[in-house]
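Contents: one structure, followed by commentary.
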Amino acid sequence: MADNQNMSRMARRREDKLTNGPKPPEKLWRRILKWTLLGLLALFIGGVGLFSWYAKDAPEVTQAKLESGGSSTIYDRSGNEITTLGLENRDYVKASEIPQELKDAVVSIEDRRFYDEKLGIDPIRIIGAAFNNLTGTSDGLQGGSTLTQQLIKLSVFSTKSSDQTLRRKAQEAWLAMQVQQKYSKDQILEYYINKVYMNYGQYGMSTGAKFYFNKSLKDLTLAQTAFIAGLPQSPVGYDPYKYPQKATQRRNAVIDAMLRDKKITAADAEKAKATPITDGLQPKHQQTNTTTNDKIIDSYLTQVISEVKKKTGLNPYTDNLDIYTNIDMSAQRRLYNIVNTDEYVDFPDNAFQTGVTMTDPDNGEVLAQIGGRKTGDVRLAYNRAAQNTRSNGSTMKPLMDYGPAIEYLNYSTYEQMLDEPYKYPGTNISLYDWDKKYLGRISMRTALEQSRNIPAVKTLSAVGMTNAVKFLKGLGIDLPSSEQYLSSAIGASVNTVQEAGAYGAFANGGTYYKPYYVNKIVTADGNTQTFNSQGTRAMKSSTAYMITDMLKGVLTKGTGKAAAIPGLHQAGKTGTTDYSDAELKQNPALNATGIAKDAWFTGYTRNRVISVWTGYDKPISHGITYAEQEISQKIYKALMSYTSQNLDNPDWTKPDTVESFNILKGSNPGTAITGSSANTTKELYVRGHGPSSRKAVAESSSSSEGSESSSSHASVESSSTEVSASAESSVSAPSVTTPSVTTPSASQASQEEPTSSSTPSSASSGGSSGGNR
């Protein structure tokens, strides 16, 4: 029975096929449509999934964040809050106090469908922005943000363009939807209008109106309202003081948008656009510090802001950052008082200026900085410590002359040099020492302690400009080609930040750490960036130790006695800058004995480096006397004494690459003496380059007056040359004409240096007018 039924079914199917024919194929367009819809569905599901994945990690948005300004909080090295950027300059206005005309202007230019958006996002704008991004007509995932999303960005996220990632935009949209559900349109607009940055440390449009026009929002003209509404898109780019044409174009774009949306009449628009951007614009005034603490940290803060922008691209004025700095507030406060009172140092007048930087040589942290004194209430004033371009005088000598001589030529601290009449090769320009005298043959140690100019220039000539520039670069000083001359041996354009960093390499044994101000930044969404200075080997430990050993003598018996601190292991170098002939022609009174243009002192311990510049902003009108030249040393002494109180006081340890010998005074070349310290000076040599002449002398109880004797007796090999003490000492007369450093002729110099390297640069502070010390 079952078989008959099955056969019957099969028979019917065959009959149907014969009757109806084969089933027609599915049409191609239907298949394309079906797969397209399935693809879109898959994309939608994937997009929703990805959106949800990104959104789950979105930071929290609170009313406090929405109401707060966009400024950043600054912390000291101990994590204590020390200031904020701009909050004290904000005039917060409630929604009921915001004129309708300003609301219309903001909505028209920023988000014309603002009141119709139910989710806080605008799908039409997002699709348009995405299309523009795909077609390359805009940069990055931008252009689709509503006012609500912009508020979220200002409150929680960075405004940095590179941060506008798909993940960030998804979180931004998710938070905008949350804000939309919780707050009214008027509240959202209120938060936005009060949060935007208006340049010059001003937050909020009400604050901006008072800054630019000295008016409240309700008293602004249409033209002024349009300017205020359009400024937040680029506060710096539309600055009416610097870029009036761009500011006018932006203002007119706002007016056109209002006309398009029928918020104003054509006549109103024409009149407003015909108004000059300067109409009612107040003269630009400087920001002021409102608290003593702000005055104390002002110079340091200028560099913090600059460094954050440079290293991260973030804007401390708009990105709600927590910025953790390296500032030591105790030292900073003391430094401020040192230069702004007469309690520690006597200053000649209020016009006398200074720039000071203190760093940690073991990591490059800038611990304190002052860029000027008696600056009043000016906020973010000119920072002479970091921006000064005046010559550093003789503080350049260890950096460009004697450091490279030890590093590349293996000079000893006893290297013999001639302090004698000298002209720059190929010129008639004479170089003098600060006292206009000559000491004849002296050691490198004495040349550095007494800050003799002629031996320094001769040493640079022997080292060669190529080696000197390379050595400087390793210390963070990129000497421009315009200053690559022999005259730079006694001074070039270096600021106190660079000098503190460079001398830090002497202090720590040869490693350079670039000075830096900020150690950590926490963004509004909780992301943390940390910073440090990666040390690089700048010189051999032998070079650092030998320079330091010589610079100790600058404070005990050289030109830096005013900086000496009893009991503290320290080293340092003075520097003064003389006037050029051209400057003396402008004011012949500056040619009086003892008048200098600038005075420096850079000194260090094992724990701290302090670099000090002093002088007048208008040096042609006023020079500094001998007594005033010691003020830089006294500033150093006052700050170093204070900051060293709670630090250990280690001396430097001689590395194995350095050998110490008692050298017979006046011997040339130096003769090492064993068995006696009488009439000797303790000198240092790079291992393997010690004195070739050595002599054993019977112990003597007497020594020449004023000699630097050594109680230790170096173990040396038997001498190869016998020279009597009397014969050695007799060659110390200045009449000796065979120096150990050969000064190249003009033709030799031209082969070794750049074309004009034998000629002093125009920035030289040496020349025929005198010398530095």
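Atoms considered below: every heavy atom in the structure, side chains included; atoms not considered: hydrogens, waters and symmetry mates. All of these numbers come straight from a predicted model, not from anything done at the bench.
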Given 3.5 Å as the limit, does a donor-acceptor pair link the side chain of [X] with the main chain of [Y], or not?
X      : Y      : result
Gln645 : Tyr642 : yes
Thr671 : Ser667 : no
Glu483 : Ser493 : yes
Asn326 : Arg77  : no
Lys458 : Leu418 : yes

The complete set of ring-ring contact (aromatic ring centres under 6.0 Å, His included) pairs with one or both residues in residues 669-694, sequence neighbours excluded, reads Phe661-Tyr685

Partners meeting side-chain hydrogen bond (donor to acceptor under 3.5 Å, both in side chains) with [X] (sequence neighbours left out):
X      : answer
Glu630 : none
Ser641 : none
Tyr512 : none
Asn388 : none

Exercise. So does Asp342 have more than 12 non-hydrogen atoms from other groups sitting under 6.0 Å from CG?
Worked result: yes

Over 12 foreign heavy atoms within 6.0 Å of NZ, Lys540:
yes

Between the CG atom in Leu555 and the NE2 atom in His569, the distance rounded to the nearest 0.5 Å is 13.0 Å

[Y] versus [X], side-chain donor and acceptor atoms under 3.5 Å:
X      : Y      : answer
Glu499 : Asn392 : yes
Glu683 : Ser412 : no
Lys665 : Thr680 : no
Thr359 : Tyr513 : no

Quiz item: Yes or no on side chain to side chain donor-acceptor pair (under 3.5 Å) for Asp648 and Asn607, after CA distance, side-chain angles and deciding distance?
Solution: CA-CA 8 Å; Asp648 57 358; Asn607 298 302; 3.0 Å; yes

(request) Taking only Lys NZ, Arg NE, NH1 and NH2, and the carboxylate oxygens of Asp or Glu, determine whether Asp549 and Arg445 approach each other closer than 4.0 Å. (result) yes

Taken in chain and number order and not counting sequence neighbours, the residues that satisfy salt bridge (Lys or Arg N to Asp or Glu O under 4.0 Å) with Arg334 are none

On a heavy-atom basis, the closest approach of Asn363 and Ser533 is O-CB, 3.5 Å

| task | List the steps and the verdict of side chain to side chain donor-acceptor pair (under 3.5 Å) for Tyr517 and Glu365. | result | CA-CA 6 Å; Tyr517 299 81; Glu365 293 178 354; over 6 Å; no

